[in-house]
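Beneath this line is the structure, given in structure tokens, with notes to follow.
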Amino acid sequence: MADWQKKILGPRLAGFIGALLALGLILQQPTLINVARDRVFDQFQRFSPRDYNQSPVRVVEIDDAALERYGQWPWPRHRFATIVDKLNEAGAAAIVFDVIFAEPDRTSPSNVATSWLNAPELSPIVSELGATNLSQVDHDRRFAAALEAAPTVLHLTARSGASDADCPPALAKVQGMSANDLARVAPSFRNVVPPLPIFREAASGEGFARAALADDAIVRSVPLIALACDGAEVFPSLALEALRVAAPRLDPKFAPSAFVKAAEKGPCRIHVTGVAQESVSEVILCRLRFPTTDDGQLWIHYSPVDSLLKRRLSVVDIIDGSPDEIADAVKGRIVMIGASAEGLRDVLVTPLGDDRPGVHIHAEVIEQALAGETLFRAWGLMRPLEIILAVFVSFLLLAFLPRIPAATGFVIWLVLSVGIFGGAYLAFSASGLLIDPVTPGLVLGTSFLAAFVVMFQQEQIARKFIRGAFGKFLSPLILERLERDPTLLKLEGEQREITAFFSDIRGFTTISESLTPPQVTAMLNQYFTPMTRIVVEHRGLVDKYMGDGLAAMWNAPIDVDDHPAQAARAALQMLKSLENLNAGWRKDKDLPLPEIKIGIGLHTAEARVGNFGSEDHLEYSMLGDMVNLTSRLEALTKEYGVPIIMSEETKNRIPEFASVPLGTFTVKGRSDPTVIFALVGDEAVADKPSFHAFKQSFETAVIALDEGELSLALEQFADCRSGETFGIDQAIESFCARANAMREEK
């Protein structure tokens, strides 16, 4: 398998395996993942709680102030009768008790009289009060009469104990799915504890009040239906019954028009839809729809914490309040009565992080249903979609990840992860849709981590290779870029524009014959060290050493925008460095060397660059016709007697540098002549007035020589020789010799 195939397939395979492991874990439904998902949904609620506007619900609380005013709990039933009468007279749409009335009132005079008659020491008191009259006063009957006169809903308690033969039938029949169909999916209890028969006969409805506690004891949902009596009866929740009973008297401004119109046509009925013996999908009440989980639970969209104060009233406000004040507060609304006093209330924790009395949980259900702001999460539907999303985003990441640097891959993973969680939050805030971002996030994260580990290992290997192959021949900045992004190094080869460089020591063969091998080695090491550093400092790459020759390139393996200028500056600096070397060698008695001179060729054109060689040994190098031409330019420096010769292509890219034309020559194998120039200095030299004069004379002389005007050529070359020659005096002598030879031939 080729290296590029390993580079791509390795991370993808690792990422695919990581995704499969994550999916396997998710399908096992571990508690930690479920808790993480629920906590994310909790955070969504904190970011976007349900708006609380005009609430259709008022909660009358049996609070500490009421206990202080009316005495300890339990209260006599006649006090509840008074509360019901006042609320009914004020026009409450429904009066709902989140209080259990399962036993007779022990404070009724009839019960008191009976117990007193059995106490001899109290018989004188009983005879004075008149036991017969006391036995006729019954608080339970008084309360039942109040219940019958008003739209009231009572609370029954579901329990898991032994079944009771007297398990009562539900007051409101649930239609749609039968008890047998619901038995496998809905919450089921062996029995219920109903209110006293006298109260059940008088009340308009009854429902169970039960919250679904998660593993962390947070109430995120409530069941809307439950089975009891060994699965024979289906009971609605307290909130559902409150809506059913309140429908005819509910103020239309608090309810959707479809619900109001349906209620006007007759009594509302509870209808459950779903797949028999498999799932519940929806509960409908007078066209009011409650999207549920598979087991018939409704996710609660909570309003802010301050909504408790806005919807609450104290029992004191009802018993001692004026009729007008009570009517302003409750008319056309559903009134729920529950305990909030310390020691009486059932405290429940919400996703918003606050503690609320249970009665407010039921109020939340009613409010969000009427406002149409219910949350929706169908487990059977959403779960496959979330897994498909997880697989899709993982494959999307793995499609690009092996072809980009690990750092870029991390950014893409981060963007995708933020997109998953952000998209889930947008779906929640816009439509109340609960999409689990943890599942796709976990699969994506595991997939990325596995692929990233393999990519990291591959990059470390690539870094090691790059530093070993290019560490001594590339500038630290370019080397750092290659290490950060090894994909910039296309080792398989590519066609790109480069500036090629060839240099050679003139007369090296003769020089080396006068030296011992150790002296030759020392001389070359001393020479190549500064020359290599100059190439590296100017962002070039040393291609190879060829005896006394040096080959380099610019704009490979990564882009160097001003590569012709960088190569030209490097060549000029090498000449200055050579002057320092020669000065040092002249003083070195152990290394007897003559004046060392070098020739440099520069050419800019497209070449093939990449890893070339055998299967056992590869080197990053340059190939092509332009490389051969550059080598030929370097050889021409001996013939023309100039240090640096560059092609017209390079000269046109650096017009600001000081250069003079040398004419043309034809490379073997080429039909078109090549225009060449001598590079004599940088921009500072080009700006000198003396160079302008020299250049004008030199160009005139070269043109005159090519056109056969030998006298003019010699005259202009003489002008060049009379002043500064800018390091090409040998070229001037060579041209003069050619002109004299041509004159003699004539």
Side-chain angles (χ1 to χ4, degrees), residues 56-60 80 84 92-102 147 150-159 167-177 179 182 186-189 191-197 199-212 219 221-229 232-250 263 267-272 280 283-286 288 290 292 295-298 300 333-339 346 348 357-370 374:
V57 182
R58 288 287 183 261
V59 175
V60 175
F80 288 107
V84 171
I95 303 165
V96 185
F97 282 94
D98 189 19
V99 180
I100 300 174
F101 300 111
L147 292 174
T152 52
V153 178
L154 298 180
H155 174 203
L156 56 80
T157 300
R159 67 181 185 182
C167 187
L171 295 182
K173 296 297 182 182
V174 175
Q175 300 178 339
M177 297 179 67
L182 292 170
S188 183
F189 305 94
N191 203 354
V192 295
V193 179
L196 291 175
F199 299 150
R200 295 188 80 236
E201 293 172 1
S204 306
E206 64 181 355
F208 67 91
R210 194 177 187 92
V219 179
S221 62
V222 294
L224 294 181
I225 53 174
L227 281 81
C229 306
E233 292 290 334
V234 182
F235 290 90
S237 70
L238 194 65
L240 204 59
E241 269 292 82
L243 281 166
R244 185 186 69 82
V245 172
R249 299 178 60 175
L250 188 67
C268 290
R269 297 179 181 179
I270 300 170
H271 187 90
V272 180
V280 177
V283 175
I284 304 172
L285 176 69
C286 275
L288 198 64
F290 299 80
T292 68
D295 56 354
Q297 296 192 52
L298 177 74
I300 304 174
R333 290 180 167 90
I334 297 172
V335 179
M336 307 196 75
I337 302 171
D346 52 335
L348 300 174
V359 64
H360 282 273
I361 305 295
H362 307 302
E364 294 276 0
V365 174
I366 296 171
E367 289 171 358
Q368 68 182 46
L370 291 174
T374 54

Shortest non-hydrogen contact from P151 to S204? CA-OG, 3.5 Å
M336 versus I366: any side-chain heavy-atom pair under 4.5 Å? yes
Residue pair E206 / F235, side-chain heavy-atom distance below 4.5 Å: yes
Any side-chain heavy atom of E367 within less than 4.5 Å of one from P56? yes
Identify the heavy atoms of A246 and I334 that sit nearest to each other, and give their distance. CB-CG1, 3.5 Å
Under a 4.5 Å cut-off applied to non-hydrogen side-chain atoms, are V283 and I270 in contact? yes
Got a second to check how far L154's CG is from F199's CZ, nearest 0.5 Å? 8.0 Å
Heavy-atom closest contact (L348 atom, G358 atom, distance): CD1-CA, 3.8 Å
Between F290 and A369, which heavy-atom pair has the shortest distance, and what is it? CE2-CB, 3.2 Å
Is there side-chain contact between L298 and Q368, with heavy atoms separated by less than 4.5 Å? yes
State the CG-NE2 distance between L243 and H362, to the nearest 0.5 angstrom. 12.5 Å
Side chain to side chain contact (heavy atoms under 4.5 Å, CB included) partners of E201, counting only residues at least two apart: none
Who pairs with Q297 by side chain to side chain donor-acceptor pair (under 3.5 Å), at least two apart in sequence or on another chain? S221, D295
May I ask you to test the I337-V359 pair for a side-chain heavy-atom distance under 4.5 Å? no
Closest non-hydrogen atoms of V84 and A150, given as atom of the first, atom of the second and distance, are CG1-CB, 3.8 Å
Under the side chain to side chain donor-acceptor pair (under 3.5 Å) test, which residues partner R58, sequence neighbours left out? none
How far apart are the closest heavy atoms of A239 and V365, and which atoms are they? CB-CG1, 3.8 Å
Are L250 and L370 packed together at the side-chain level, in the sense that at least one heavy-atom pair is separated by less than 4.5 angstrom? yes
